[in-house]
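Some notes on the structure that comes next.
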2 protein chains.
Amino acid sequence: MNLISVTDIKHKISSVGLKATSQRIAIYQAVMKLKNHPTVEMILEEISPLHPSISVGTLYKNLETLVEVSLLEKVKSEEGNYRFEANLDKHNHIYCSNTKEIIDYQDDELDLILFEYFKKKKLKNLKINDIRLQISAERLNINKEISIQ
Amino acid sequence: MNLISVTDIKHKISSVGLKATSQRIAIYQAVMKLKNHPTVEMILEEISPLHPSISVGTLYKNLETLVEVSLLEKVKSEEGNYRFEANLDKHNHIYCSNTKEIIDYQDDELDLILFEYFKKKKLKNLKINDIRLQISAERLNINKEISIQ
DNA sequence: TTATTAAATAGGAATTATTATTGTTTAATA
DNA sequence: TATTAAACAATAATAATTCCTATTTAATAA
């Protein structure tokens, strides 16, 4: 996900009817900037140098609010805590079992295959909103980039 | 997932080098029986009538142990707590946003499509172990069965 | 069947993660 | 500039999980 400017963030926040406070901007920036779908603790660490008085309660509340208005999303994980992301583009997640990372994987061709596959399916009592992959994997070398081409 | 007998459960547990204690059997049975990928609290409620003295700490420890020896699996969720399942067959999860259910969806044809798709991909620095769908959906009627045909 | 022993367990303290509460502060608007 | 509903701080309360230590027990050998 590409980082966006403070002005754009302000606009995103205002346009959903929220006040574009400095904390909300900082939270959104932190989630964008942190690479590994951060936990609350990670976000707090990232923010507290510039906002040392930020309250944990307010951080939780702001994260919840930003998720409710669909500016952020919660990421599914088996860890037993919350994780967040700012990338709202459709993408899949690679869960690295050895490094505990959650890595984005975007693949338009695959998205199309899945879309066409489920278009032919008869759904009973169910409305599908989104289909993504959960890819379980191991990172082979901690220092090298991962790719799927 | 089909329920299996106490004898079979004992055998599963013993064969991975663990003692097949009555608690471990009860835990495994509870996870099999409970339909919605239960939390620790749900498992505790299911077990405590027959094992009223079971300690929460031991329950957590046993669940962790059973996951480590791959008799149970943790289920990915955005809820911020652990969820478990006993179904080790390859399957996908439907996450119902309105009812908060996590429903199994098995589709061999789709598994094959995905397998073939990723066989052609060049992986760099990554070993894929498993690929599943994360289907976000809404249950349309709370009283009717869900199906994808 | 008995003795042994490492593993399992209870019980609850400790820690971590999250939510609730209440008074204070502030961004946006008129 | 004044107003006000929303945002915030601070922390208590609650919920979820892990840690610790003494006790119990399943499995095994004899």
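Letters go in sequence order (proteins before strands), and every chain restarts at 1.
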Worksheet item: Just checking B:Gly80: base, sugar-phosphate only, or nothing, at a heavy-atom cut-off of under 4.0 Å?
Response: nothing
Worksheet, complete the sentence: From NZ of B:Lys74 across to C1' of D:dT17 the rounded distance in Å is 10 Å
Discussion item. Taking atom CD as the centre, does B:Glu116 end up with more than 12 heavy-atom neighbours from other residues, nucleotides or ligands that are less than 6.0 angstrom away?
Written reply: yes
Item to complete: Tell me the partner of C:dA30, counting only Watson-Crick (N1-N3 plus N6-O4 or O6-N4) or G-U wobble (N1-O2 and O6-N3) with both under 3.5 Å; none if nothing fits.
Response: D:dT1
Item to complete: Determine whether the side chains of A:Arg139 and A:Asn98 contain a donor N or O and an acceptor N or O closer than 3.5 Å.
Response: no
Worksheet item: According to a 4.5 Å side-chain heavy-atom criterion applied to Ile, Leu, Val, Met, Phe, Trp and Tyr, with indirect links allowed, do B:Leu50 and B:Val31 form part of one hydrophobic cluster?
Response: no
Item to complete: Please state how far atom CD1 in B:Ile25 lies from atom P in C:dA8, giving the value in whole angstrom units.
Response: 13 Å
Discussion item. If the cut-off is 4.0 Å, is B:Asn81 near the phosphate of D:dT17, judged by side-chain N/O to OP1 or OP2?
Written reply: no
Fill in: Nucleotide D:dT18, atom P - distance to CG of B:Asn62 in whole Å
13 Å
Discussion item. Let me spell it out: for each of A:Glu64 and B:Ile54, pick the nucleotide of DNA chain C with the closest heavy atom. Which residue's pick is nearer the 5' end?
Written reply: B:Ile54
Fill in: Short side-chain N/O contact from A:Ser55 to OP1 or OP2 of D:dC8, under 4.0 Å
no
Discussion item. Distance check needed: C:dT18 P versus B:Glu79 CD, whole Å only.
Written reply: 13 Å
Fill in: Atom-to-atom span, CG of A:Leu44 to C1' of C:dT16 - whole angstrom
14 Å
Worksheet item: What do the steps show when you test B:Glu46 against B:His51 for side-chain hydrogen bond (donor to acceptor under 3.5 Å, both in side chains), and what is the final call?
Response: CA-CA 9 Å; B:Glu46 176 70 21; B:His51 295 77; over 6 Å; no
Worksheet item: Whole-Å distance between C:dT19 P and A:Lys61 NZ?
Response: 10 Å
Fill in: Any N/O donor-acceptor pair, A:Thr58 side-chain to D:dA7 base, under 3.5 Å
no
Worksheet item: Quick one: is D:dT18 close enough that its OP1 or OP2 comes under 4.0 Å of any side-chain N or O from B:Tyr60?
Response: no
Fill in: Sequence neighbours excluded - ring pair (Phe, Tyr, Trp, His ring centres under 6.0 Å) pairs with any residue from residues 14-44 of chain B
B:His37-B:His93
Polar atoms only, N or O, under 3.5 Å: list the protein pairs with nucleotides 26-30 of chain D and their distances.
unit_1	atom_1	unit_2	atom_2	d
D:dA26	N3	B:Lys19	NZ	3.2
D:dA27	OP1	B:Ala20	N	3.0

Worksheet item: Got a salt bridge between B:Asp107 and A:Lys121, using NZ or NE/NH1/NH2 to carboxylate O under 4.0 Å?
Response: yes
Worksheet entry | Value in whole Å for how far the P atom of D:dA16 lies from CG of B:Leu59 | 13 Å
Item to complete: Could you tell me the separation between the CD atom of A:Glu68 and the P atom of C:dT19, rounded to a whole number of Å?
Response: 11 Å
Item to complete: Please tell me which of the listed nucleotides, C:dT18, D:dT17, C:dA17, lies nearest to the side chain of A:Tyr82?
Response: C:dT18
Worksheet item: Do we see a donor-acceptor contact under 3.5 Å between the side chains of A:Asp104 and A:Asn92?
Response: no
Discussion item. Is B:Gln23 close enough to D:dT25 that one of its side-chain N or O atoms is under 4.0 Å from OP1 or OP2 there?
Written reply: no
